[in-house]
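The next block holds one structure in the form of structure tokens; read it before the comments.
Each chain gets a letter, A, B and so on, in the order the sequences are listed, and its residues count up from 1. Computed from heavy atoms alone, side chains included, the values below leave out hydrogens, waters and symmetry copies.
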There are 2 protein chains.
Amino acid sequence: MTGAVNFFSKHKHVISYGFSLAILLFLLKWLEIRFVIINYALEIYIAAIAILFTSLGIWLALKLTSPKTIVVEKEVFTQSENTFFSNEKEIEKLGISKRELEVLQLISAGFSNQEIADHLFVSLNTIKTHSSNLFGKMEVKSRTQATDKAKRLNIIEK
Amino acid sequence: MTGAVNFFSKHKHVISYGFSLAILLFLLKWLEIRFVIINYALEIYIAAIAILFTSLGIWLALKLTSPKTIVVEKEVFTQSENTFFSNEKEIEKLGISKRELEVLQLISAGFSNQEIADHLFVSLNTIKTHSSNLFGKMEVKSRTQATDKAKRLNIIEK
DNA sequence: TTTCAATTCATACTTTTGAGTGATTTTGCC
DNA sequence: GGCAAAATCACTCAAAAGTATGAATTGAAA
């Protein structure tokens with residue numbers, strides 16, 4: 001993805017280090033002449049080199065190494081959210097249709113067939129048919145049993 | 001907590017660096033004599049110093065940098081355990097009797113009045129009376145509504 | 001286009017539920 | 001023992017729920 005750019009980015013420090021070294025050696029060569037004259041400056045000269053290259057090393061290390069990270073996992077206790085996922089497998093297994101599921105939800109909410117009919121703008125007979133088919137598919141004999149089973153199977157929200 | 005130990009731990013590298021520097025300078029001083037004899041070895045000598053101190057710098061940087069700590073919050077869902085405490089306050093407030101509560105539980109479990117009657121060894125009429133009184137006290141109009149409300153109020157187990 | 005499942009609705013019938021009233025028995029408590 | 005609440009049961013009537021059967025419509029897939 002970022003191969004070419006990344007390569008230069010990762011090695012630019014090495015390259016610049018090479019340049020720096022070359023320049024420094026050239027500089028030192030020139031200083032060598034002076035060194036002959038001012039002989040006792042050798043220790044200062046050495047110390048300067050030492051400090052310089054130590055700094056260079058530090059700088060290099062800091063630039064080139066990926067930052068050390070320690071991942072500390074902190075447990076955060078949260079109340080189990082209302083992540084209700086309708087058990088679609090069970091719904092499919094039982095062969096419950098969309099409309100039937102709608103009716104089932106309203107039944108479980110405590111609505112009468114008439115109220116459900118009004119709510120869905122269909123006749124009472126239609127709801128009776130749906131609920132009857134529903135009970136057959138769910139193998140129950142009443143709306144209360146259907147509600148109970150539906151909640152246990154996670155077909156509808158508790 | 002770890003003050004004294006930590007101080008030494010944090011500065012031991014600096015101390016050892018100081019020692020190393022002293023030894024190296026002493027070593028270089030000795031090499032200086034040789035350097036006078038073998039004059040053309042200066043470049044090698046400089047290069048050695050450069051490499052040495054660069055290494056030292058790198059080593060120092062790696063040792064002295066404290067690792068970054070990243071705290072990752074890990075969510076732990078605490079499943080509300082089955083610590084079901086019947087909401088007795090609510091039961092008392094509604095004026096629900098022991099027998100009525102029993103009937104309510106069976107209604108919510110999906111049993112018909114006849115089944116409840118058989119289970120409790122009383123007549124169907126008795127259950128009807130109980131459930132009727134129950135609905136009055138709970139201000140609901142059907143067993144499904146009673147079930148729904150009872151579960152919401154934690155009167156019965158969900 | 002045909003086919004099939006889903007949705008809709010009706011009619012008739014049975015069962016269950018629920019409301020209302022009244023009555024008897026049981027039980028806990030002062 | 002007597003009282004009050006709780007529990008029991010019966011009877012009637014009405015409403016709601018549930019079953020069974022049949023049929024029209026629709027929409028999507030074969």
Side-chain angles (χ1 to χ4, degrees), chain A residues 86-153 155-156, chain B residues 86-153 155-156:
Chain A
S86 184
N87 192 344
E88 286 171 39
K89 290 174 193 168
E90 205 65 46
I91 292 171
E92 202 177 346
K93 193 197 287 177
L94 296 175
I96 294 172
S97 71
K98 269 188 255 174
R99 202 57 159 173
E100 284 166 349
L101 183 61
E102 238 177 323
V103 173
L104 178 58
Q105 286 167 335
L106 292 167
I107 283 174
S108 298
F111 293 106
S112 69
N113 285 341
Q114 187 60 64
E115 287 171 326
I116 296 168
D118 294 343
H119 191 265
L120 297 180
F121 302 107
V122 293
S123 80
L124 175 61
N125 287 311
T126 304
I127 300 304
K128 281 190 180 184
T129 304
H130 283 318
S131 60
S132 198
N133 292 334
L134 208 41
F135 300 156
K137 288 174 181 178
M138 293 182 74
E139 295 176 329
V140 295
K141 290 184 177 179
S142 68
R143 58 211 294 108
T144 44
Q145 274 182 32
T147 299
D148 192 56
K149 190 162 187 174
K151 287 184 179 180
R152 283 188 201 287
L153 294 177
I155 289 175
I156 58 157
Chain B
S86 184
N87 193 344
E88 287 172 38
K89 291 173 193 170
E90 204 67 46
I91 292 171
E92 201 177 347
K93 192 198 288 179
L94 296 174
I96 295 172
S97 71
K98 269 189 255 176
R99 202 57 158 173
E100 283 165 352
L101 182 62
E102 237 177 325
V103 173
L104 178 58
Q105 288 168 334
L106 292 167
I107 283 175
S108 298
F111 293 105
S112 70
N113 287 341
Q114 186 60 63
E115 287 171 326
I116 296 169
D118 293 343
H119 191 265
L120 297 180
F121 303 106
V122 293
S123 81
L124 174 60
N125 287 312
T126 303
I127 301 302
K128 281 189 178 183
T129 305
H130 283 318
S131 61
S132 197
N133 292 334
L134 208 42
F135 300 156
K137 289 174 180 177
M138 292 182 75
E139 295 176 329
V140 295
K141 290 184 176 179
S142 68
R143 58 213 293 109
T144 43
Q145 275 182 28
T147 299
D148 192 57
K149 190 162 188 175
K151 287 183 178 180
R152 284 189 201 286
L153 294 177
I155 289 175
I156 58 159

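A heavy-atom distance below 4.5 Å is not found between the side chains of B/Val140 and B/Asp148. With a 4.5 Å cut-off on side-chain heavy atoms, B/Ile116 and B/His130 do not count as touching. Put simply, the side chain of B/Ile107 does not reach to within 4.5 Å of the side chain of B/Ile127, judged on heavy atoms.
Judged as a salt bridge (Lys or Arg N to Asp or Glu O under 4.0 Å), the pairs with a partner in residues 95-113 of chain A (not counting sequence neighbours) are, in order, A/Arg99-A/Glu102, A/Glu100-A/Lys137. Each salt bridge (Lys or Arg N to Asp or Glu O under 4.0 Å) pair with one or both residues in residues 116-134 of chain B, not counting sequence neighbours, would appear here, but there are none.
By the salt bridge (charged side-chain N to carboxylate O under 4.0 Å, His left out) test, B/Lys149 is found to be paired with no residue, residues two or more places apart in sequence or in another chain being considered. Remark: B/Glu115 pairs with no residue by the salt bridge (charged side-chain N to carboxylate O under 4.0 Å, His left out) rule, at least two apart or across chains. With sequence neighbours excluded, the residues satisfying salt bridge (charged side-chain N to carboxylate O under 4.0 Å, His left out) with A/Lys93 are A/Glu90. Take A/Ser123 and apply the side-chain contact (heavy atoms from CB on, under 4.5 Å) test, not counting sequence neighbours, and it matches A/Asn125, A/Thr126.
Between A/Arg99 atom CZ and C/dC9 atom C1' the separation is 13 Å, expressed in whole Å. Rounded to an integer number of Å, the gap from B/Lys128 NZ to C/dA19 P is 11 Å.
Here chain A contacts DNA chain D (any atom closer than 4.0 Å to a heavy atom, that is under 4.0 Å), and the contacts span D/dA17 to D/dT19 from 5' to 3'.
Within residues 132-153 of chain B, no residue places a heavy atom under 4.0 Å from DNA chain D. Scanning residues 116-126 of chain A for heavy-atom distances under 4.0 Å to DNA chain C yields A/Val122, A/Ser123, A/Asn125, A/Thr126. For the contact set between residues 102-113 of chain B and DNA chain D, defined by any heavy atom under 4.0 Å, there are no members.
Fit an axis to the five pairs at each end of the helix from C/dT1-D/dA30 to C/dC30-D/dG1 and the two axes sit 50° apart, to the nearest 10 degrees.
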Q.
I'd like to compare against my own output: the B/S/- annotation of nucleotides 22-30 of chain C with a strict under-4.0 Å heavy-atom distance to protein.
A. ---------

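Closest approach of B/Arg143 to B/Phe111, counting heavy atoms only: NH2-O, 2.9 Å.
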